[in-house]
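Note that this is a predicted model, so its numbers are computed, not measured. Computation of the quantities below employed the complete heavy-atom set of this structure, encompassing side-chain atoms and omitting hydrogens, waters and symmetry-equivalent molecules.
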Protein chains: 2
Amino acid sequence: MNPIPEPSVERLLILARLLDRLDVQFITSGEIEARTGWSSNTIRKDISYLEGSFASPAGYDREKLSGAIKTALGLDKPQRFCVVGLGRLGSAYLNYPAFAEEGYELVAGFDSSVNRIEILRSPVPLYPAYKMAEVISRFQISLALLCVPPEEAQHATDRLVAAGIKGIINFAPVVLQVPEGIQVRNVNVVDELRAISATIQCS
Amino acid sequence: MNPIPEPSVERLLILARLLDRLDVQFITSGEIEARTGWSSNTIRKDISYLEGSFASPAGYDREKLSGAIKTALGLDKPQRFCVVGLGRLGSAYLNYPAFAEEGYELVAGFDSSVNRIEILRSPVPLYPAYKMAEVISRFQISLALLCVPPEEAQHATDRLVAAGIKGIINFAPVVLQVPEGIQVRNVNVVDELRAISATIQCS
DNA sequence: CGGTGTGAATCTATTCACAGCA
DNA sequence: TGCTGTGAATAGATTCACACCG
């Protein structure tokens, strides 16, 4: 595998989303520009990092292109993930059906409160936090949604890392410390509001 | 105001978060490196875009630095925002207290279903969708959380833009088309899972 | 000294311009 | 002719290296 530049990866991910919701057979780089705002040059360059050919004089074959992006970015391989912290947010994800359609299988939920685990009704098996290492390695879970309160976030992260997790989606307003190679993505509405404020201010 | 590079802005936002949760008087660029993984060079360069001095031989004055970041990025000016689409996700935000503490005031909720507006109990005034333009301009609302179903997202966006909104946080798995100058940030757990998969694959 | 601040050098990404193809 | 694909040129961000300051 080649190293596709990070910014190109981000754009290709969004492009795959776009293509999957479109109802045409072909699309040109110019049309993608109109829909995304990225220049057609950038788009063609991004696509050139993929292997294979999806082009015709009418533009790219939508379906083939979408498939090639997913293959190149590893989105075709299904992944197992877990939810850590079963408060309001975490427990909401236990019943969220869209994951499976996208190739992400939720196979475990963890919480440090045994009481909470016993009370919650869930289609997904729930475990006390101390079983994290065992369950993660047994089911080969690669990703985690981290939904614990801020003061517990780093501790939970350390456990996940020790258990061999590959990536964490962090909902806590905290900067997590992880060893190199572990991916973290932060999801936080306030931070997004701030980012927009900042962009407006700096432009 | 100067144009701080985009990547620096993103890092400074995270740095502000970090500083606010820390309990020390001074912090050096090396300590920030240990916590974030960014090189101390990068951090010093980022900080150099700010105006003023917060340095001592012991490092940066945590509080002053945090303040300077917020001023430079416009986080000190309170902003008003609204929620569009009052389904499960949207209505959850109506009762979320953390916004106010961060300087973001939720002043309106919109939904196209009048019925839903009448039924929902909310500390925030709710309006039918057709009043969007009027309410947004009356209260000078600058930001919106877009929580409508995917098929309505573009239509709602067009209305928000027409009403003069400055930025949109989009929870729908859709690529929004907006005129230049309108900020959009996408928030979507599946996309974050995908981004991690891709980063793992491409590294 | 242990830190910061910053021009200069390097590395990376984007844009351009045009050759090649159906 | 209208598109893609891509080396070359430009612009931008990161890293380096060292002067400077308390």
Engineer: Could you give the CD1-to-P distance, from B:I47 to C:dG3, as a whole number of Å?
Structural biologist: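 Atom-to-atom, B:I47 to C:dG3, this comes out as 14 Å.
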Engineer: For C:dG5, take OP1 and OP2 only and decide whether either is under 4.0 Å from a side-chain N or O of B:Y60.
Structural biologist: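 Answer is yes, contact under 4.0 Å.
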Engineer: Determine, for B:E102 against B:K70, whether the closest basic-nitrogen to carboxylate-oxygen distance falls under 4.0 angstrom.
Structural biologist: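 Here B:E102 does not pair with B:K70 in a salt bridge, since their nearest N and O are not under 4.0 Å apart.
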Engineer: Could you tell me whether A:E151 atom CD has more than 12 heavy atoms of other residues or ligands within 6.0 Å of it?
Structural biologist: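 Buried by this count: over 12 neighbours within 6.0 Å.
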Engineer: Which of parallel (below 30°), tilted (30 to 60°) and perpendicular (above 60°) describes A:Y104 and A:F81?
Structural biologist: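 Perpendicular.
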Engineer: Does B:I182 reach the side chain of B:K166, with side-chain heavy atoms less than 4.5 Å apart?
Structural biologist: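 No, every pair of side-chain atoms sits at 4.5 Å or beyond.
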Engineer: Rounded to whole Å, how long is the line connecting atom CD of B:E6 with atom P of C:dT14?
Structural biologist: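 Answer to the nearest Å: 12 Å.
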Engineer: B:R159 vs B:E152, test: salt bridge (Lys or Arg N to Asp or Glu O under 4.0 Å). Steps then yes/no.
Structural biologist: CA-CA 11 Å; B:R159 280 173 121 152; B:E152 292 172 28; over 6 Å; no
Engineer: Using a cut-off of strictly less than 4.0 Å between a heavy atom of the residue and any atom of DNA chain C, enumerate the qualifying residues of residues 14-44 of chain B by number.
Structural biologist: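 Heavy-atom contacts with DNA chain C come from B:T28, B:S29, B:R44.
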Engineer: Using 0.5 Å steps for rounding, measure from the CD1 atom of A:I117 to the CG atom of A:L86.
Structural biologist: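 A:I117 CD1 to A:L86 CG: 6.5 Å, rounded to 0.5 Å.
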Engineer: For A:E51 and D:dT4, give me the distance from atom CD to atom C1', rounded to whole Å.
Structural biologist: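 It works out to 17 Å between those atoms.
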Engineer: Give the nucleotide from the list D:dA8, D:dT4, D:dT14 with an atom nearest to the side chain of A:A55.
Structural biologist: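 Of the options given, the side chain of A:A55 lies nearest D:dT4.
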Engineer: Are there any protein N/O atoms within less than 3.5 Å of an N/O atom in nucleotides 20-22 of chain C, and if so, which ones and at what distance?
Structural biologist:
none

Engineer: Let me check the geometry of the helix from C:dC1-D:dG22 to C:dA22-D:dT1. What is the bend angle between the axes at its two ends, five pairs each, to 10°?
Structural biologist: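 Its terminal axes enclose an angle near 10°.
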Engineer: For the residue pair B:V175 and B:Q154, what are the closest heavy atoms and their distance?
Structural biologist: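 The pair with the smallest heavy-atom distance is O-OE1, 4.2 Å.
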Engineer: Distance check needed: C:dG5 P versus B:D46 CG, whole Å only.
Structural biologist: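 Atom-to-atom, B:D46 to C:dG5, this comes out as 12 Å.
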Engineer: Can you see which heavy atom on A:A172 is nearest to which on A:N170, and at what distance?
Structural biologist: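 For A:A172 and A:N170, the tightest heavy-atom pair comes out as N-OD1, 2.9 Å.
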Engineer: Starting at atom NZ of B:K45, determine the distance to atom C1' of D:dG12, rounded to an integer number of angstrom.
Structural biologist: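 Going from NZ in B:K45 over to C1' in D:dG12 covers 12 Å.
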Engineer: Pair B:Q201, A:K77 - check side-chain hydrogen bond (donor to acceptor under 3.5 Å, both in side chains), show working.
Structural biologist: CA-CA 10 Å; B:Q201 170 93 356; A:K77 306 177 192 145; 2.8 Å; yes
Engineer: Can you tell me how far C1' of C:dA13 sits from CG of A:L12, to the nearest Å?
Structural biologist: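 Distance, rounded to whole Å: 14 Å.
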Engineer: Answer yes or no: does a side-chain N or O of B:R11 lie under 4.0 Å from OP1 or OP2 of D:dA13?
Structural biologist: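 Looking at the OP1 and OP2 atoms of D:dA13, neither is under 4.0 Å from any side-chain N or O of B:R11.
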Engineer: Once you round to the nearest 0.5 Å, how far does CZ of B:F99 lie from CG of A:L193?
Structural biologist: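 Here the rounded value is 6.0 Å.
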Engineer: Step through the shown structure and confirm whether more than 12 heavy atoms of other residues, nucleotides or ligands are within 6.0 Å of CD on B:E33.
Structural biologist: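 More than 12 within 6.0 Å, yes.
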